[in-house]
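Just so it is clear: chains get the letters A, B, ... in the order the sequence lines come, proteins before strands, and each one is counted from 1. For clarity, every value in this text was computed on a predicted model and none was experimentally measured.
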Amino acid sequence: MQKRSLTYYLLLAFFCLFVLFLYGPMITIFMLSMQGPDGGLTFPMRGLSFYWLGQVFQEQRVGNFIEPFVRSLILGAAVMAITITASVLASMGFRQRFKGSTVIFYMTIASLIVPSILVSLGIGVVFQVIGWPTNWFTSGLGAHLTWTLPIAFLIMLGIFNRFNPSYEEAARDLGATDSKTFWEIVMPLIAPSLLGVGLLTFTLSYDEFTRTSLVSGQSNTLPLEIFGMTTNVTSPALYALGTLTTIFSASLILIAFFAYNAVVRRQRGKA
Amino acid sequence: MSETWKALKPYALITPQTLVFLLFLVFPILMIGVVSFWEFNGYSMTPAFTLANYQGILTDVTFKTYLNTFKFLGMVWLATLLIGYPVAYFLAFHVPKLEWQILLFLVCTIPFWTSNIIRMISWVPLLGREGLVNQMFMGVGLIQQPMEFLLYSDFAVVLGMVHLYIIFMIAPIFNSLMRIERSLVTAAEDLGASGLQVFKEVILPLSAPGIAIGSIFIVTLVMGEFVTVRLMGGGQSASVGKLIQTQIGSLQYPLAAANAIVLLAVTMLIIVSILRVLDIRKEL
C-alpha cells in the first residue's frame, strides 16, 4: 500500500471540518428540540423530553402545521407524476435527431439558470393580468415544474445515453408494437432510475420555497408555513418542527435507497 | 411503421415538457418584459408604454443594492470555491475506492435534501447573542461581550448562503475531476513534475469546466436570493432579490418587473462572461 502523504492528512482534516460545518447546525437544533417544557432557544439545554415534538401538533401553539403538510404532499406527488411523465417522454424524443432540438435543450437549461425570483414574479404577473387568483395547486404547481422538470430531464438524458437500443430493435423485430416495446422492454430497464428521479423530484418540490413564495395564494405549503413561523414562534417548537421534517425527508431517501436496491437485485435475479 | 409517424414522433414526445416551459417559463418572462413598460399609479397597473418604471429604479438606492448583491456574490463565490475545491479534490483523488467516493459524496449531499428554511434557522442557536459560539468564546475568556456581528449581519448572510449552496459548486467540480484520465497524472509524474506542478499544469486546467458550471449555479442562486438575506440579515441587509420581493409585496408589479428585467440582464451578462473565459461544452 502506498504511503499516505501529508497532503492526504491535511485534506482529510479539511473534509472532516467541512462535514462538521454541514451537519453541526442541524445537530444543534435536533438536540434543542428534545428539551423539557421550559426549554429555550439556546444552550444550555433545560431538561430532556419529547414535549416540543408533541407541541408541533397542537394547533393553537405553533400555528397550523398539518394542513400545509398535506398540501405539500399532494403538490409533491402531482409534481412528481407530471415531471416523470414529461421528462421520460421528452428524453425519449431526444434519442432521435430532430429540428429544433437545440432550442428545446437551451430552454431547459434556461429554466435552471434564470434566477428563481423571476419565475415566481413572472407567473404571478401572468395570473394577475389574466385575473386568476394565484393558488398553490395551479401557479404553485407550474412554478415547481420549472425547477424539477429540467433536472429530471437532464438526468433522463444521461440514463438513455447509457441505454442499449438493440433490446428495443429485437422486440420490434419480433413484432412488438411501440407501446408494448415501451412497457415490456424500456420500462423495466429504466424503472430503478425512475424511482430515484421520482424521489428527487418529490423532495425538491416538498422543500421548494423561493419559486412558490410569491405565487402560492391564500394557503401555504409547508416550507412557507415554516418561514412564517420563524417570525412569530419563539420556542423550541420551531426546532422540533425542523427535526420532524428532516426525519421525514431522510426516511424518504432511505426508503427510496432500499427500494432501488431491491428492484436492482430482483432484476439481476431474473437475468 | 410509417415514415411520417417516425418524423413526427419526437415532436409528439417533447410536447408535454415544451408546453410546461412555454406556459410557466417563457410566457411569464415575456410578460415581465411587457409589464415593465406599463403605467403604474400607486395601486394599479394599466397597459401602456412608459419608461417611468426604469427611471424609477435608476436611483442611488438601487445602485447600492446592486453593489451589495455583488458583494454577497463575490464572497459566496470565493468561499464556495475555496472550500468546495479541496473537498471535491479530496474525494476524487485521495479516497481510494469508488464505493467510498460515492458514500462520502452522499454524506455531503444529504443535508441539501432538507428545507432551506430549517437549515437557516439551525444557525440561530449557534450564532445568536447567547449562542454556542459566543458562550464558548466567553467561557474561555477570549471576549468579554458577546459578538454581535455573528447573526443578523452580512457575515451571517454569506455564511448562510455558503451553507445552502456549496453543493452546487462541489458536485460539478467533483464530476469533472472524476473524468480526468489518471494516466495523465502518472505521465506528468514520470516526466518529473512535482505534486504542485501536476496540480497546476494538469488537474486544474482539466477541472476548469467544472468550476465554470459551479460558478454559474452560484451566480444564479445568489443573484435572485431573498430568503437568506431576510432570515440571516435580520432586516439589516439588502439585495436585489429582496428589493423585488418587497415591491411585489406592495403590489408594485411594473416596478418589480423593471427591476427583474435589469436583474436578468445583469445575471446573463455575468454568465456569458464566465462562458467566455471557460469552455463548458466538454462537460455537456
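- Contacts between B/Ile166 and chain A at a heavy-atom distance below 4.5 Å involve the side chain alone, from C-beta outward.
- Ranked by non-hydrogen atom pairs under 4.5 Å with chain B, the options A/Pro25, A/Ala90, A/Ala110, A/Ser116 are led by A/Pro25.
- With a 4.5 angstrom heavy-atom cutoff, B/Leu104 touches chain A via backbone and side-chain atoms both.
- In this pair, B/Tyr11 and A/Phe98 present their aromatic rings perpendicular. The plane angle is above 60°, beyond the 30 to 60° band.
- Proximity to chain B (any heavy atom under 4.5 Å) is shown, for A/Ser101, by neither the backbone nor the side chain.
- One finds the CZ atom of A/Phe15 at 4.0 Å from the SG atom of B/Cys108 (value rounded to the nearest 0.5 Å).
- At most 12 non-hydrogen atoms from other residues, nucleotides or ligands lie less than 6.0 angstrom from OH of B/Tyr152.
- No other option in B/Ala12, B/Pro125, B/Gly33, B/Pro16 has as many heavy-atom pairs under 4.5 Å with chain A as B/Pro125.
- Only the side chain of A/Thr28 comes within less than 4.5 Å of a heavy atom in chain B; its backbone stays farther off.
- In terms of non-hydrogen atom pairs under 4.5 Å with chain B, the most contact-rich of A/Arg95, A/Met92, A/Gln128 is A/Gln128.
- For chain B, the nearby parts of A/Leu118 are the backbone and the side chain; heavy atoms of each come within less than 4.5 Å.
- The most heavy-atom pairs under 4.5 Å with chain B, out of A/Leu121, A/Val125, A/Leu204, come from A/Leu121.
- For A/Tyr239, the part lying under 4.5 angstrom from a heavy atom of chain B is the side chain only.
- Proximity to chain A is limited to the side chain of B/Val26, based on heavy atoms less than 4.5 angstrom apart.
- Between A/Leu149 and B/Phe24, the closest side-chain pair of non-hydrogen atoms is not below 4.5 Å.
- Between chain B and the residues A/Leu200, A/Leu157, A/Leu112, A/Thr177, the most heavy-atom pairs under 4.5 angstrom are made by A/Leu200.
- Between chain A and the options B/Pro86, B/Ser122, B/Gly224, the largest number of non-hydrogen pairs under 4.5 Å is found for B/Ser122.
- Without hydrogens or angle criteria, B/Tyr253 side chain to A/Val129 main chain gives no donor-acceptor distance under 3.5 Å.
- Aromatic ring orientation, B/His163 versus A/Phe21: perpendicular (interplanar angle above 60°, classes split at 30° and 60°).
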